[in-house]
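These values consider heavy atoms only, across backbone and side chains, with no hydrogens, waters or symmetry-generated copies.
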Amino acid sequence: MDYKQAYKSWLENPYFDEETKAELKSIEGDEKEIRDRFYADLEFGTAGLRGVIGAGINRMNVYTVRKATQGLANYIISKNGQEKGVAIAFDSRRMSPEFADEAACCLAANGIKAYVFESLRPTPELSFAVRYLGCISGINITASHNPPEYNGYKVYWEDGAQITPPHDAGIMSEVKAVTDYAAVKTMSVEEATTAGLYKKIGAEVDDAYMAELKKNVLHPECIEQTAKDLKIVYTPLHGTGNIPVRRVLKELGFENVFVVTEQELPDGEFPTVSYPNPEAAEAFELALKLAKEKDADLVLATDPDADRLGVYAKDSKTGEYVCLTGNMSGSFLADYEIGQKLAVEGKLPEDGELIKTIVTTNMVDAIAKHYGVKVTECLTGFKWIGREILRMETSGKGQYLFGFEESYGCLIGTHARDKDAIVASMALCEAAAFYKAQGKTIWDGMLEMYEKYGYYKDNVIAITHKGIEGLEKIKNIMSTLRENPPAAFGEYEVLVTRDYDKDIIKNVKTGEEKPTGIPKSNVLYYELNDDAWLAIRPSGTEPKIKLYYGVVGSDLSDAEAKSETLGKQVSALLDRLG
C-alpha cells in the first residue's frame, strides 16, 4: 500500500475516530505532508517509538501507541511473563497521560496487569519501579528533551533497563507483525480496573525510590556543616524533576534551594525554551539570572523526563558561572564517587568497574588508572550500561562503581538501570557541600582534576538532515567514510580505526585487525595521536548525524583552541560529503 492509499484508508476506515479524520482532511492536497505522515510506519526501534504527535502511520497517536503495545503484549505472552505485569510512567508532554492509559488498556485487554503512575514521574523512577514491583516490562511515555511537537514510547525489560538483545529484536518483530490496527485489543480504564488489570501507583514507589537514593550519600557531615550557607538554583524545565529533586535535597538538609518559578510547573508546550534540553545554553538563561541574584554556588537543570542533568558551577575567582559539559560533570562525579568511596571505606572492590560509552571522554581512562579500577566500554545509550550491570549481577564477577555517557547522563548506585538526574543532582549538591566545607567550589574541584589527569576537552556537534532526503544524506556520509577512510583529520593522524558495524578494530600502520567485542552499531571511531579521538554516528532518535571528538591540551585555553579547530575541520568534511 503506497502513502496515498494509506491516507485514503485512514479517512474511510470506521475504526479511526472523527477527530483523526478531521485532522487528515485538513491536509488534503498537501502531498508533501501526506507523504511524510504515511510513507512508512513510525519505526519501532531499539529505543521504542519517537515522533511528532499527529494523525497517520508515521506519527505518535493513540493508534500507533496501541499497535506498539499489542506487539509488546504478544512478546510478553510468548515469554510467559503476563502474570508479572508492566509498570507505566509518563512525563509532562502533550498526550502523555492519554498515551499511558492507551498502553495500559491494551495490556489489560491482553490479560496483562498495568501499574500506572498516578501523575508524571521521572524516567529513572520508572526504571526503579519495574524491579521494585517485579514487573516483566516497563513503558515510559516521553520524548526526553525533544521539541514540544514530539512524544515517545520507551520500553524496559525486567532488569529495569531499556530493551537490549534478544528482547529488542523480539519485540520489534512482534510490533511489525501487527498490521491491522482494528485487530488491536483494548478496553476502557473502568473495565480494566474492575478486572483488576489496571492499578494506580504513586507514594509507595516514591518513598522506596527516595530511600534508595539516600543510601548513596557519602558525606552527610559536610551537608550538615554547609546547609545554611550553600546556595543551589534548580530548574526542572517544565518537566518531571521538580518534586523529586526538591524532596531529596530537602530531606538531606539542604536549606537554600531556589527553583526557577517560570519553569517550575509541568507544561508540555515548554513556553520558556524552544528546546527543553539542559545541553542547550538557552535552557539556563532564567536559572543563571536567578543564580546571580542569589549568589548561588551551583546551578542545575533537569530535562523533561529528568534523566539528564545540566550543570553550571561558580568560579570563585571571577564570580562567573562555568558550564560543565556532560563529559565534565560525569568525570567529576566519577572521580568524586570513587575517590570518596575509597576515603570513607578505606578500599575499593578488587573487581570494581567504571563504565563509559564509546563516545565518552578519555579522562575516564585516566581516572580509572589512578584508582586501579577497570574501564568497561559499551555502545552509546544508557541501556548498554544497564546491561553491563546485569552482566555483573548474573555472573557474580565485577562490581559497579559508576557509569556515565557524554549526553549528560550518569547513574550512582544500582537502584535504577537508566541514567538518573535525581540522584546526580543529589550527588552534585553533596559534592558542592564537600568542597564548600574546604572553602572551595565545584569548579575549583574541576580545575584540580585537570591538573591531576590532564586538560581533556571533548565536544559534540549534531548536524540535522530532515526528511527522506536527509536520511539519504546521512547514509551517504557513513558509506563514503567507510569506503574511503581518511588518513588524518586536520593536524591529527589516524592511528586506529574502529568500525562497530563491521566489528573491526584496525591498526592503520600494521594492518592488524581484531573484533570490537561489543554488539554491532553504525559507528565509526578514529583513535588519533596525542590521545585525541573522533567518532561519527547517525542519531538513533533524531534526524541528525553526530560528531563526537576529544583532545588534550597543555591548559584550558590550549585544549579549547585545539577542540575548536578540529570541530570546524571535521564539520566542513561532513558538509562536503553530505
Non-neighbouring partners of T480 that pass side chain to side chain contact (heavy atoms under 4.5 Å, CB included), sequence neighbours left out: N484, L577
Between D418 and Y156, a side-chain donor and acceptor under 3.5 Å: yes
Pairwise distance CD1(I477) to CD1(I545) - rounded to 0.5 angstrom: 4.0 Å
N522-R482 side chain donor-acceptor pair, cut-off 3.5 Å: yes
E285 bridged to K289 by N-O distance under 4.0 Å: no
Any donor-acceptor N or O pair under 3.5 Å, side chains T360, E405: no
Donor + acceptor pair across side chains of N74, Q70 (<3.5 Å): yes
Pairwise distance CZ(F270) to CZ(R93) - rounded to 0.5 angstrom: 4.0 Å
Polar side-chain atom of R37 near backbone of A55 as donor-acceptor pair, under 3.5 Å: yes
Check: T272/H238 side-chain N/O donor and acceptor closer than 3.5 Å: yes
Distance-only side-chain donor-acceptor flag, T123 / N140, under 3.5 Å: yes
E282: partners by side-chain hydrogen bond (donor to acceptor under 3.5 Å, both in side chains), with sequence neighbours left out: S274
Show me, pair by pair, the donor-acceptor contacts under 3.5 angstrom made by side chains of residues 198-205, not counting sequence neighbours?
{"unit_1": "Y198", "atom_1": "OH", "unit_2": "D101", "atom_2": "OD1", "d": "2.5"}
{"unit_1": "Y198", "atom_1": "OH", "unit_2": "K200", "atom_2": "NZ", "d": "3.2"}
{"unit_1": "E204", "atom_1": "OE2", "unit_2": "Y132", "atom_2": "OH", "d": "2.8"}

Donor-acceptor pair, side chain of N58 and main chain of D36, under 3.5 angstrom: yes
Spacing of R50 atom CZ and S144 atom OG [to the nearest 0.5 Å]: 5.0 Å
Pair R131 + E158: basic N to acidic O under 4.0 Å: no
Any side-chain heavy-atom pair of L574 and I536 under 4.5 Å: yes
V86 vs I139 side-chain heavy atoms within contact, under 4.5 Å: yes
Ring centers of Y63, F16 separated by less than 6.0 Å: yes
Exercise: identify the closest heavy-atom pair between I355 and C378: CG2-SG, 4.0 Å
Check: N476 side chain, E472 main-chain N or O, donor-acceptor pair, under 3.5 Å: yes
N277-Y275 side chain donor-acceptor pair, cut-off 3.5 Å: yes
Distance-only donor-acceptor check, side chains T261 and E264, under 3.5 Å: no
Exercise: do Y7 and D2 side chains pair donor with acceptor under 3.5 Å: no
Verdict with supporting geometry, S137 and V130, side-chain contact (heavy atoms from CB on, under 4.5 Å): CA-CA 6 Å; S137 181; V130 169; over 6 Å; no
Backbone N/O of F90 and side chain of T142: donor-acceptor pair under 3.5 Å: no
Heavy-atom closest pair, residues P278 and G310: CB-N, 3.6 Å
S331 side chain to M328 backbone, donor-acceptor under 3.5 Å: no
N151 and S96: side chain donor to acceptor below 3.5 Å: yes
Any N110 side-chain heavy atom under 4.5 Å of Q82 side chain: no
Test log, rule side-chain contact (heavy atoms from CB on, under 4.5 Å), inputs V259 and N242: CA-CA 8 Å; V259 179; N242 184 39; 4.0 Å; yes
Reported CG-to-CG distance for the pair L72 and L107, which is rounded to 0.5 angstrom: 6.0 Å
F284 ring center near Y312 ring center (under 6.0 Å): yes
Pair K544-I463, side-chain contact (heavy atoms from CB on, under 4.5 Å): steps then yes or no: CA-CA 5 Å; K544 297 176 179 180; I463 302 170; over 6 Å; no
Nearest-0.5 Å distance, CD1 of residue I389 to CH2 of residue W384: 14.0 Å
Within 6.0 Å of CD1 in I243, more than 12 heavy atoms from elsewhere: no
Under 3.5 Å side-chain donor-acceptor pair for D17 and T20: yes
Plane angle bin for H167 and Y75 - parallel if under 30°, tilted between 30 and 60°, otherwise perpendicular: perpendicular
Short N-O contact, R94 and E269, less than 4.0 angstrom: yes
Distance-only polar pair, side chains of R537 and Y500, donor-acceptor under 3.5 Å: no
Side-chain donor-acceptor pair present, Q263, T235, cut-off under 3.5 Å: yes
Heavy-atom side-chain proximity of Y549 to I461 below 4.5 angstrom: yes
Qualifying residue for salt bridge (Lys or Arg N to Asp or Glu O under 4.0 Å) with R59, from E23, E43, E33: E33
Partner of D307 by salt bridge (Lys or Arg N to Asp or Glu O under 4.0 Å), out of K154, R417, K383: K154
Side-chain donor or acceptor of R308 paired with backbone N/O of S407 under 3.5 Å: yes
Non-hydrogen side-chain atoms of K4 and I34 separated by less than 4.5 Å: no
Audit row: D206, R121, salt bridge (charged side-chain N to carboxylate O under 4.0 Å, His left out) steps and yes/no: CA-CA 9 Å; D206 296 340; R121 291 298 190 281; 2.9 Å; yes
Salt bridge (charged side-chain N to carboxylate O under 4.0 Å, His left out) between E31 and R35, intermediate numbers included: CA-CA 6 Å; E31 285 297 307; R35 184 185 181 201; over 6 Å; no
Full working for side-chain hydrogen bond (donor to acceptor under 3.5 Å, both in side chains) between T64 and Y181: CA-CA 8 Å; T64 52; Y181 284 89; over 6 Å; no
K21, NZ: over 12 other non-hydrogen atoms inside 6.0 angstrom: yes
Short side-chain donor-acceptor distance under 3.5 Å, Y548 and T380: no
Test item: side-chain donor near acceptor, D420 and H415, under 3.5 Å: yes
Pair Y3 + Y39: ring centers closer than 6.0 Å: no
Heavy-atom neighbours of E19 CD exceed 12 at 6.0 Å: no
Distance-only polar pair, side chains of D458 and T325, donor-acceptor under 3.5 Å: no
E102 CD to N61 CG distance, which is reported to the nearest 0.5 Å: 9.5 Å
